Number of protein chains: 2
Amino acid sequence: MTRRATLRDVAELAGVSIKTISRVVNGTGPVAETTEHRVRAAIDELGFRPNPAARSLRVGHDDAVGLVIENIADPFMATLTAGIESRIRAAGKLVIITSGGYEPENERAAIESLAHRRVAGMIVTPTSMSHSYLAQGVATVPLVFVDRPPIQFDTDTVLSDNEGGARLAAEHLIAHGHERIAFVGDRIGLFTTSLRYQGFRAALTAAGLPVLAHHVRTDVVDPDSAAAATREMLAGDDPPTAIISANARSSLGVIRGLHEEPSSMVAHVSFDDFEGAESLSPPVTVVHQDPIAMGRTAADLMLERLDDPSGPPRHIVLPTRLIVRGSGELPPCDPS
Amino acid sequence: MTRRATLRDVAELAGVSIKTISRVVNGTGPVAETTEHRVRAAIDELGFRPNPAARSLRVGHDDAVGLVIENIADPFMATLTAGIESRIRAAGKLVIITSGGYEPENERAAIESLAHRRVAGMIVTPTSMSHSYLAQGVATVPLVFVDRPPIQFDTDTVLSDNEGGARLAAEHLIAHGHERIAFVGDRIGLFTTSLRYQGFRAALTAAGLPVLAHHVRTDVVDPDSAAAATREMLAGDDPPTAIISANARSSLGVIRGLHEEPSSMVAHVSFDDFEGAESLSPPVTVVHQDPIAMGRTAADLMLERLDDPSGPPRHIVLPTRLIVRGSGELPPCDPS
DNA sequence: TTGTATGCGTTATCAG
DNA sequence: CTGATAACGCATACAA
């Protein structure tokens, strides 16, 4: 493999002009049957593949798809990425990932960097609630939002059913006789926390149960603070008999908190599944989102959008489902 | 933002030739102080950034770095990726990820795809033991191997101390009085399993303990089979009093197996840390690898190599450390 | 210290 | 149905 074959090489070997090769490769314009055969043979013989840089320069955009996420090390995001990547790759394109690292400024820079590379489109999980820069045309290509709603403008979106999933969790606990159910989650300003809290609230209200302020914590940013919140609630007056944790990180903390007080058998449902949930004792009942499906769906939306940029934005909400494992089926057990 | 500014636009605004702009941007060749000021002002005003496609076409290679991994959804790989991405991004370059999905054929295709894009270099976790195609010049750019040793040719490599870590784990259990220690891991054909087994074996031998065939399982590919292996060992004659699991997935299965038999307090050390290890009861003692550091190191090697392609291949082995949490400090407890 | 001209490999225009 | 040629934006040999 001394030098890479170019259109010209193929043209020479096939005895036609480079434009004809281009036509065969891209399926543009009519080509005679016999010519096409000759050209294909030449392409195979030389192992020709078009140079993406040259094409990008000429047509003004790359055929890679950019992915902007907060943190690839987050298991949910990593799995989402796997779904996206497999679909995009199956379409013969590449994924270029960039992390914003929870910093809106970084995120903006990442998007600009991708825009500058003229990616064909971007799949984005915006960090901040205010991504006005996106509306200002920082990205001039198709945009698909995942796990975050579009705020200031409308575009293709894939979400999972945050509210419905949380309602499911609460209804499950209520069905098992619980009347004092706590909610432990990340900052309420986050889109997902907010919707999950609404679902929780709706289920309690529908069952005629009060939503008690001291049973709601939405300021928990890591496992440690979730564990602390759990301890405080259990130690306080009127402790809950069941806890819903609103995301995987919080769940780990809640579990730690519960394990420290093994005498009180408090029921627990986690929003979002996590590795090892079934290895715990009791195994953790969870509301399962399907990050792989979310990723695939987002990628499909993108591919369709690239194919046909017109048409109204589509908003897809993927269902969640309850996976019963044990921790969510514990009966209410009054420690008082 | 109607059209993207080009060198020519900047040149016109600054009243100099495009070559001068190029010199300022790339720091090549001498430029007069005052000229440079004027040029920089023009660049800022127009928001000019060089077009990567054009540059790539001209110089023959892109400045993005390719990353080839098996599966981005694997937590270890995801964290490794985070480390790589942050470093590469800090250097102003992008990471293009592709997954081989455990299929050597896919992996080869992924690498060819990257090679075709003329990435500046590739960071690779080769799936198969035989990656002869890499030696055959599929990749004509700098290569850095991570978490896998170079087999058929020599190149920059970052590994963690698999053997030392496993020895650490075994020595720890031995120090706590264990004499019947089992090893549960993935296929022995895998590089990491093999080295970890060697470390385990070395520690036992050094302590004058026998390595019993029925205490060694190296055919465990998922948590389910690890759980089954654990059950079988505990139920068999001469059950072990401690288990070392050789990777995170196996650990989850071993834990499940142990939880099913809560009467037997078997000690356990996991090679590789995992999310939730400290939320379990007992919390799991682990040999911690540092995937973030591995990623950063690999990225650094790559950046240095891009800067200076000459020089001998470097092989870096990162230390592992034991994190004591409880499960590894249980005393031997004879169930017979 | 600065400018001019050429070509990287592809696609698009327009003529044959 | 096919081909000659320009242009995309940049870097570089070469000239000034």
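All values derive from a computational prediction rather than experimental measurement. Throughout, a chain's letter reflects where its sequence line sits, starting with A, and its residues are numbered from 1.
Residue B/P312 comes nearest to B/D156 through the heavy atom pair O-OD1, 4.3 Å, listed as atom of the first residue, atom of the second, then distance. Across all their heavy atoms, B/F76 and B/D147 have their closest contact at CE2-OD2, 3.6 Å.
Taking atom CG of A/L7 as the reference point, atom C1' of D/dG3 lies 14 Å away to the nearest angstrom. Note: CD (B/E12) to C1' (C/dT2) measures 18 Å, nearest angstrom. Rounded to whole angstrom, the span from the CZ atom of A/R118 across to the C1' atom of C/dT10 amounts to 16 Å.
A heavy atom lying under 4.0 Å from DNA chain D marks the following residues of residues 13-25 of chain A, by number: A/V16, A/S17, A/K19, A/T20, A/R23. Looking at residues 36-44 of chain B, you'll see that no heavy atom sits under 4.0 Å from any atom of DNA chain C. Within residues 47-66 of chain B, the residues having any heavy atom closer than 4.0 Å to DNA chain C are, in order of number, B/L57, B/R58.
None of B/M302, B/R314, B/R305 except one satisfies the side chain to side chain contact (heavy atoms under 4.5 Å, CB included) rule with B/V144; the exception is B/M302. Each of A/I69, A/I97, A/I123 was evaluated against A/I84; a single residue qualifies, A/I123, per the side chain to side chain contact (heavy atoms under 4.5 Å, CB included) test.
A 6.0 Å sphere centred on CD of B/E304 holds more than 12 heavy atoms belonging to other residues, nucleotides or ligands.
Applying the side chain to side chain donor-acceptor pair (under 3.5 Å) rule to A/T192 yields no partners; only residues at least two apart in sequence or on another chain are considered.
A salt bridge links A/D62 and B/R117; the closest N-O separation between the charged side-chain nitrogens and carboxylate oxygens is under 4.0 Å. A/R249 has a carboxylate O that lies under 4.0 Å from a charged side-chain N of A/D186, or vice versa, which qualifies the two as a salt bridge. Checked for salt-bridge contact, B/E70 and B/R148 meet the test: a charged N lies under 4.0 Å from a carboxylate O.
With the end axes of the helix from C/dT1-D/dA16 to C/dG16-D/dC1 each set by five pairs, the angle from one to the other reads 40° at 10° resolution.
Judged as a side-chain hydrogen bond (donor to acceptor under 3.5 Å, both in side chains), the pairs with a partner in residues 35-50 of chain A (not counting sequence neighbours) are, in order, A/E36-A/R40.
In summary, the side chains of A/H116 and B/N51 do not present any donor paired with an acceptor at a separation below 3.5 Å, with no hydrogens or angles considered. For the 3.5 Å distance criterion, the side chains of A/S310 and A/D308 qualify, holding a donor opposite an acceptor.
In this structure, B/T35 reaches the sugar-phosphate backbone alone: every heavy-atom distance under 4.0 Å involves primed, P, OP1 or OP2 atoms, never a base.
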